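This report concerns only the one structure given below.
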Amino acid sequence: MKTVSENRCFGGVQGVYSHSSDATGGEMTFGLFLPEESQFGPVPVLWYLSGLTCTHENAMVKAGAQAWAADHGIALVFPDTSPRGADVADDDAYDLGQGAGFYVNATEAPWAPHFRMWDYVAQDLPTLLAAQFPLDMERQAITGHSMGGHGALTLAMAHPGRYRSVSAFAPIAHPAASDWGRKQLTAYLGADETAWARHDATLQMRATGFDGPVLIDQGADDQFLDLLQPEALAQAMAARRQDGTFRMQKGYDHSYFFVASFMEDHLDFHAEALNG
């Protein structure tokens with residue numbers, strides 16, 4: 001592991017690190033905020049998964065999460081959204097290829113050799129973090145925005161007992177029924193839609209739900225509402241009687257201005273689960 005940068009931040013340290021990943025077969029970069037409490041012992045962990053076109057840096061710089069994480073003594077992990085490099089497959093479209101990993105393990109050419117973001121977030125990076133940093137991996141929670149909200153929800157429901165809480169900002173809620181999903185899931189996983197099910201938050205909510213509390217915030221003026229399909233997830237949560245809250249936020253769009261506006265609420269929500 002290499003240290004790219006470390007900066008003092010709200011009494012803690014905001015770091016950026018790179019490492020060789022077995023999951024993706026290349027060099028990966030991630031951000032990690034460690035609060036002051038980490039100097040004295042392991043601290044709980046909140047994962048933040050970013051959306052299309054983003055890197056590890058977007059939320060790290062724009063979301064304003066460190067201030068609230070410092071208040072609660074919680075570490076923040078900001079993974080990248082895909083493998084990268086000259087030998088990694090890509091596409092001219094912004095919503096496929098590098099920057100658009102969709103948090104799946106690709107099985108189709110040309111994506112299969114490197115696009116294994118499911119294993120990277122679920123196995124590879126947690127193993128590295130546990131070995132290198134003072135983190136309490138028994139206390140984890142996960143959140144994300146847009147494509148990252150999709151990843152947070154599907155990973156949480158697929159790993160019962162791992163995450164104490166899950167939240168999402170404007171998640172791609174029903175990718176199996178959306179143009180932000182069908183294209184990518186076909187490219188990465190093939191045409192058999194049964195292979196898509198565990199990567200669709202609405203289908204997973206209908207099938208299993210989540211074994212903890214859920215918080216969803218969706219901007220009511222989001223320019224991508226038809227692609228996100230939040231109503232499908234809200235209906236699935238209601239039908240399952242999921243322990244959770246789904247909020248439509250009047251006047252808010254899909255931007256990081258929206259994310260930053262409700263980040264304090266999400267940190268408070270996760271802190272209750274992690275420290276309660």
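It should be emphasised that the depicted structure is a prediction, and the values quoted were computed from it without experimental measurement.
Using modelled atom types, one finds a donor on one side chain and an acceptor on the other under 3.5 Å when comparing Gln66 with Gln14. A donor and an acceptor atom, one from each side chain of His174 and Asp200, are located under 3.5 Å apart. In the model, His270 has a side-chain atom that pairs as donor or acceptor with a side-chain atom of Ser165 under 3.5 Å. Side chain to side chain, Thr154 and Gln204 fail the donor-acceptor criterion of an N or O pair below 3.5 Å.
For the pair Arg8 (side chain) and Gly11 (backbone), a donor-acceptor distance under 3.5 Å is present. The backbone N or O of Met137 sits less than 3.5 Å from a side-chain atom of Gln140, completing a donor-acceptor pair. Arg206 places no side-chain N or O within 3.5 Å of a backbone atom of Met237 that could act as its donor or acceptor partner. Under the 3.5 Å distance criterion, the side-chain polar atoms of Ser178 are matched with a main-chain donor or acceptor of Leu227.
The shortest distance between side-chain heavy atoms of Ile74 and Leu274 falls below 4.5 Å. Between Phe133 and Val43 the shortest side-chain heavy-atom distance does not fall below 4.5 Å. Looking only at side-chain heavy atoms (C-beta outward), Pro175 and Leu185 come within less than 4.5 Å of each other. Contact of the Leu49 side chain with the Thr143 side chain is not registered, since no non-hydrogen atoms from C-beta on lie closer than 4.5 Å. Between Pro126 and Trp47 there is a side-chain heavy-atom pair separated by less than 4.5 Å. Using a 4.5 Å heavy-atom cutoff, the side chains of Val16 and His56 are in contact. Between Val88 and Gln98 the shortest side-chain heavy-atom distance falls below 4.5 Å. Contact check for Asp179 versus Asp226: no side-chain heavy atoms found under the 4.5 Å cut-off.
Taking the centre and axis of the six-membered ring of Trp118, the NZ or CZ atom of Arg198 falls inside the cone set by 45° and 6.0 Å.
Ring centroid separation for the pair Phe78 and Phe33 does not come in under the 6.0 Å cut-off.
Ionic pairing of Asp80 and Arg84 is present here: one or more N-O contacts between side-chain nitrogen and carboxylate oxygen are shorter than 4.0 angstrom. Using a 4.0 Å cut-off between a side-chain N of Lys or Arg and a carboxylate O of Asp or Glu, Arg247 and Asp265 qualify as a salt bridge.
Remark: Met248 CE to Glu231 CD distance equals 8.5 Å, nearest 0.5 Å. Atom OG of residue Ser167 and atom CZ of residue Phe262 lie 13.0 Å apart, to the nearest 0.5 angstrom. For the atom pair CG (Leu46) and CZ (Arg139), the distance works out to 12.5 Å, reported to the nearest 0.5 Å. Within the model, atoms CG of Asp211 and CD of Gln242 stand 8.5 Å from one another, a figure rounded to the nearest 0.5 Å.
Applying the ring pair (Phe, Tyr, Trp, His ring centres under 6.0 Å) test between Phe169 and each of His150, His266, His145 identifies His266 as the sole match.
Within a 6.0 Å sphere centred on CG of Asp268, other residues, nucleotides and ligands contribute more than 12 heavy atoms. More than 12 heavy atoms of other residues, nucleotides or ligands lie within 6.0 Å of CD in Glu108, so this atom counts as buried by the packing criterion. Heavy-atom neighbours of Glu27 CD from other residues, nucleotides or ligands within 6.0 Å: above the threshold of 12.
Between Tyr188 and Phe102, the angle of the ring planes lies from 30° to 60°, which puts this pair in the tilted group. Using a 30° and 60° split on the angle between ring planes, Phe30 and Tyr17 fall in the tilted class, from 30° to 60°. Using bins of under 30°, 30° to 60° and over 60° for the plane-to-plane angle, the ring pair Trp180/Tyr94 lands in the perpendicular bin.
Cluster membership check: Leu125 shares its hydrophobic cluster with Val121, using side-chain heavy-atom separations under 4.5 Å among Ile, Leu, Val, Met, Phe, Trp and Tyr.
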